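Accompanying notes for the structure given below.
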Amino acid sequence: MFFKRKNWLSGYITIEIKGQYPERFFDLCAKYHIPSWDIKKKSETIALGKIKLSDLPKLRVVKRKTIFKVYFKGKNGLPFFLRHLLFQKPLLIGFFVAMAVIFFLSNIVWRIDVSGLDEEIENKVIQQLEEYGVEEGSFQWNIDSPASIQKQLLTDVPELLWIGVKKSGSAFHLEGVEKTIVEKEEEEAAGHLVATKEGVIEDLFVSRGQPLVRTNDVVYPGDILVSAYLNESEEDDEEEERKPVAAEGEVIAKVWYKSEVTIPLDNQYQVLNGKTEQKHYLHASKYLIPIWNFKNPEYKHYQVDIEEKNFYFLKWKLPISYINQTIYEAELKEEQLSEDKAKEIALEQGRRQLRREIPHDAEITDEKVLHESVESGKVKLTLYYTVLENIAKKQPITQGD
Amino acid sequence: MKKIKEKFMTAFTRTFDLPSEVTLELPRITMIGSIHAYIENHQGLIIFSSTELLLKVHQGHVRIKGEDFVLKTMIDKDILLEGNIKDVTFEQS
């Protein structure tokens, strides 16, 4: 039985031998190490038998030495079966259609989960996602990468403190944290207001708590500005234990910042002039196969932006991806700055740097140039700023103090 | 000369109790009831039809008669015969 099954896998042929004493042909085959089986004699001059497909070349050698006529009657086994399948057009077409359908369906977004958010914000997030084209039923190759969706969502939905976008196969999982929830929790904790920076108090707006400083006091980082314990000085120790409150308020102080800015006088920078060229590629392992726009733009200086889209089959990422390359033409510009102009730019840059460090509602009241020098083609400025800003920070009181 | 060698081989086989089909080049015929016959160590097929099988063996022929004969396998020196076996005869020559 095993002998037969093995032959089925490698394929076998039924041959018909015509001639006088046809059985002698099989005897000859046996002598030439061609195993045969199921030999039957149909009549005096005709015999049927089976041999392996791989023995066919040897059979030809044997045939040439005899006067028998050999006819091939039947072909059985896997190789013939496979070849037969190839000629079954409907089956083949059906197979490829099925593959194509699975491929298409694998590249569709099937589910979007949003968790950790209120219904209102969740709807907002979903609406935003729809605007980006992320919807149930949309194609994945029109969608940006999860990281860029995450970034976009954070800027477009201001209520979000953080959102994680995870893509697993054909589903998007979003996990969000709201800003408001965090703030509520903070408000409830009892605590002092402490200084975050060194400065001179300009103004105090205390809505709850016991202020410990006055205007024109100099404070250092960590100093308690507004205490959580009311009536600190009095002798009500005998009364019931005083409960700390959550101190609240704003403490506006004058804070000084010092910064150094250097601006080179010779400037060389690239400017994109708006001319672009789009190229499309298929990316398979190491190879880039261009599929559209074959010519290389003759840009002297350029910047290249690459966008890659992956294809999926069921949950597997295919090794093929689509790449959209955008080439921007750049122009090299050189600029020789005068000292005055450089100084102006330095001042502006310093201000911009400062703005990034201080809170939004802070106010720059004074700006001084402490030191100015020109050294090896660079203008160096030491700047001094006076800023009015809220330096109060909540510091919760740990239990058991 | 040939006869002497043969006699010597027979004696050799008997003394050392060796399997005779190996040393004497004799055929070994295994039968399962009357439906299978397994013939090893034959020297060639002479006639095969659905009622008869004639094989050349050492020092003669083996003739098997019956009905519905099919050669199930045929490898070099072995033959597996399937069918309704009625008669096995040795013909010395």
Side-chain angles (χ1 to χ4, degrees), chain A residues 1-56 58-59 61-63 65-68 70 73-74 76-77, chain B residues 21-22 25-91 93:
Chain A
M1 199 61 206
F2 177 71
F3 178 67
K4 280 219 168 141
R5 184 59 53 79
K6 219 175 101 195
N7 285 334
W8 188 84
L9 284 178
S10 56
Y12 61 89
I13 326 166
T14 310
I15 51 173
E16 191 185 74
I17 313 294
K18 273 188 186 166
Q20 284 298 314
Y21 296 109
E23 60 268 27
R24 286 188 189 162
F25 182 78
F26 289 105
D27 187 44
L28 209 62
C29 283
K31 289 214 168 83
Y32 279 89
H33 304 288
I34 304 170
S36 50
W37 66 96
D38 282 356
I39 299 156
K40 259 183 239 167
K41 204 164 175 187
K42 264 165 66 181
S43 71
E44 268 310 298
T45 55
I46 300 169
L48 283 173
K50 286 168 184 161
I51 63 155
K52 277 200 243 167
L53 180 65
S54 51
D55 285 333
L56 203 60
K58 280 199 236 164
L59 185 84
V61 175
V62 176
K63 196 185 112 188
K65 296 187 172 169
T66 62
I67 49 156
F68 296 110
V70 180
K73 279 283 153 183
N76 301 76
Chain B
E21 79 268 13
V22 180
E25 297 176 65
L26 293 173
R28 180 200 184 105
I29 302 176
T30 317
M31 285 184 70
I32 299 162
S34 64
I35 55 164
H36 279 154
Y38 193 62
I39 304 126
E40 293 163 74
N41 219 8
H42 69 88
Q43 286 170 347
L45 181 141
I46 299 165
I47 292 170
F48 167 71
S49 70
S50 57
T51 56
E52 191 187 25
L53 175 71
L54 184 66
L55 293 170
K56 187 181 180 299
V57 296
H58 186 61
Q59 285 183 341
H61 301 276
V62 172
R63 191 186 295 276
I64 300 174
K65 283 188 174 173
E67 289 162 0
D68 309 323
F69 278 0
V70 173
L71 291 182
K72 268 292 159 194
T73 55
M74 196 164 154
I75 313 161
D76 203 9
K77 283 184 168 170
D78 305 349
I79 280 179
L80 177 61
L81 177 75
E82 197 188 75
N84 202 352
I85 299 162
K86 297 221 165 108
D87 182 31
V88 181
T89 10
F90 284 87
E91 293 167 0
S93 62

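In this text, all values refer to a predicted model and were calculated from it rather than measured experimentally. To find a chain, count down the sequence lines: A is the first, B the second, and so on, and within it residues start at 1.
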Original post:
Is chain B contacted by the side chain of A:Ile34, its backbone, both, or neither, given a heavy-atom distance below 4.5 Å?
Top reply: backbone

**OP:** Examine whether an atom of B:Leu80 lies under 4.5 Å from a heavy atom of chain A, and if so say whether it belongs to the side chain, the backbone or both; otherwise answer neither.
**Re:** neither

**OP:** Output yes when a side-chain donor or acceptor of B:Asp68 lies under 3.5 Å from a complementary backbone atom of B:Gly83, and no otherwise.
**Re:** no

**OP:** Compare all side-chain heavy atoms of A:Ile13 with those of A:Leu59 and state whether any distance is below 4.5 angstrom.
**Re:** no

Subject >> Greater than 12 external heavy atoms within 6.0 Å of A:Lys58's NZ >> reply: yes

Original post:
So does A:Lys31 pair up with B:Asp76, basic N to acidic O under 4.0 Å?
Top reply: no

Original post:
Which pair of heavy atoms, one from B:Ser50 and one from A:Lys41, lies closest together, and at what distance?
Top reply: N-CB, 4.3 Å

Original post:
By a 4.5 Å heavy-atom criterion (distance strictly below it), what part of B:Ile47 contacts chain A: side chain, backbone, both, or neither?
Top reply: both

Subject >> Proximity breakdown for B:Glu52 and chain A, heavy-atom pairs closer than 4.5 Å >> reply: neither

**OP:** Answer with side chain, backbone, both or neither: which region of A:Phe26 has an atom nearer than 4.5 Å to a non-hydrogen atom of chain B?
**Re:** both

Subject >> chain B interface, residue from A:Glu23, A:His33, A:Lys42, A:Arg24 that has the most non-hydrogen pairs under 4.5 Å >> reply: A:Glu23

